Asks: 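Let me give you the structure first, and then I'll get to my questions.
Being a predicted model, the structure only gives us computed values, none of them experimental. Just the heavy atoms: all of them, side chains too, but no hydrogens, waters or symmetry mates, feed the values below. Every number for a ligand or one of its atoms is a count from 1 in the order of the listing.
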Amino acid sequence: MIRTLQARLYSLSKFHIHNVRLKSLSQKFLGVHGRSSSRIAGIPRGHKGLSTKINTCNGIKAFCTAQDLSMKKCVPCSSKDLRPMTEDAAHQLIPQVPGWNLVNEGGTWKLHRSWKVKSFTKGLEFFQLVADVAEAEGHHPDLHLVGWNNIKIDIWTHAVGGLTENDFILASKINGLDLHHLLSKKTAK
Ligand SMILES: C[C@H](O)[C@H](O)[C@H]1CNC2=NC(N)=NC(=O)C2=N1
């Protein structure tokens, strides 16, 4: 499968991707986001459109498509080869989860986003929608509802004490929720 992907990458490299070293691309992208997957990140088989956004990761230019993360499934956090991703890898991925920021709390990198909701009960409705996604993924955020209408969510992989692709997948799926009816017109602080 890697061979077909490399052939596809090679044909792409003639037109769009520059300075790509195919062998090192597959080596570099295996495990760069904290999991040893046989897929080369960002270009799934049979993917129709590639975004024009070119990301670099460890000096390699590659195409990543934002919708990839929301189409992925979290892996069990108990899997033995899960390990925290590098700070560089996290910075490469953060543009794919608009509204979320990288924060470092006591040495642990996390994803953080905040919202202002219309009321305390709307905040609980918000939590329930997020909880449904988390339960479906088997991956869970830290939920905070403070000052009755301020929601703050942190996402990190507790099992490894840092960030893995699971966290970005969950953040992307939260971004895909229809929450507008719960949000206050005022923006979060
Ligand atoms: C067995 C199951 O995968 C683990 O208990 C999950 C549950 N949800 C989780 N969520 C998060 N954010 N981090 C974890 O390490 C984690 N572990």
Side-chain angles (χ1 to χ4, degrees), residues 1 28-42 44 55 57-58 64-117 120-180 182-183 187-189:
M1 191 172 101
K28 290 264 181 185
F29 272 83
L30 291 180
V32 74
H33 293 315
R35 50 189 277 203
S36 57
S37 131
S38 60
R39 259 169 35 84
I40 292 180
N55 285 340
C57 190
N58 298 342
C64 296
T65 51
Q67 70 269 29
D68 273 2
L69 286 172
S70 63
M71 288 155 55
K72 289 187 168 183
K73 188 97 181 87
C74 292
V75 299
C77 296
S78 50
S79 78
K80 61 184 180 353
D81 63 352
L82 204 62
R83 58 192 183 286
M85 68 172 66
T86 63
E87 186 182 334
D88 184 51
H91 279 101
Q92 293 296 323
L93 279 175
I94 198 71
Q96 293 190 38
V97 283
W100 293 84
N101 293 302
L102 286 171
V103 294
N104 189 310
E105 281 181 3
T108 303
W109 284 102
K110 302 177 182 178
L111 297 180
H112 176 86
R113 187 170 180 181
S114 51
W115 297 260
K116 191 175 278 298
V117 288
F120 183 74
T121 49
K122 296 286 188 219
L124 296 179
E125 270 185 64
F126 187 115
F127 278 3
Q128 186 56 61
L129 291 171
V130 171
D132 293 345
V133 173
E135 282 296 289
E137 292 299 318
H139 198 67
H140 304 86
D142 297 348
L143 303 176
H144 310 267
L145 178 53
V146 295
W148 64 271
N149 70 343
N150 296 286
I151 282 184
K152 299 177 190 304
I153 297 185
D154 291 320
I155 307 177
W156 54 295
T157 301
H158 297 241
V160 299
L163 286 172
T164 64
E165 193 183 42
N166 278 354
D167 304 309
F168 289 85
I169 292 169
L170 182 58
S172 184
K173 292 180 185 234
I174 291 172
N175 278 359
L177 291 172
D178 179 10
L179 302 167
H180 292 91
L182 303 172
L183 300 180
T187 50
K189 286 191 204 75

Asks: Is the shortest heavy-atom distance from the side chain of Asn150 to the side chain of His144 under 4.5 Å?
Replies: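 No; the side chains remain at least 4.5 Å from each other.
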Asks: Give the atoms of ligand 1, by number and element, whose distance to some non-hydrogen atom of Trp156 is under 4.0 Å.
Replies: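 Contacts of ligand 1 toward Trp156, numbered from 1: 11 (C), 12 (N), 13 (N).
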Asks: Nearest 0.5 angstrom please: Ile151 CD1 to Phe126 CZ, how far?
Replies: 4.5 Å
Asks: Starting from atom 11 (C) of ligand 1, locate the nearest protein heavy atom and write down its residue, its atom name and how far away it is, to 0.1 Å.
Replies: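 Going by distance alone, atom 11 (C) of ligand 1 is nearest to His139 CE1, 3.4 Å.
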Asks: Under 4.0 Å from a heavy atom of Ala159: which atoms of ligand 1 are those, numbered in the order shown and with their elements?
Replies: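 In order of number, 14 (C), 15 (O).
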Asks: Is the shortest distance from atom 14 (C) of ligand 1 to a protein heavy atom below 4.0 Å?
Replies: yes
Asks: Between CG of Asp167 and SG of Cys77, what distance do you get to the nearest 0.5 Å?
Replies: 7.5 Å
Asks: For atom 17 (N) of ligand 1, what is the nearest protein heavy atom, given as residue, atom name and distance?
Replies: Cys77 CB, 3.5 Å
Asks: Taking atom NE2 of His112 and atom CD1 of Ile153, what is their separation to the nearest 0.5 Å?
Replies: 9.5 Å
Asks: From His139 NE2 over to Asn166 CG, what is the distance, rounded to the nearest 0.5 angstrom?
Replies: 4.5 Å
Asks: Closest approach of Pro84 and Gly162, non-hydrogen atoms and distance?
Replies: CB-CA, 4.1 Å
Asks: Which protein heavy atom lies closest to atom 8 (N) of ligand 1, and at what distance to 0.1 Å?
Replies: His140 ND1, 2.8 Å
Asks: Are any of the N or O atoms of His158 closer than 3.5 Å to those of ligand 1?
Replies: yes
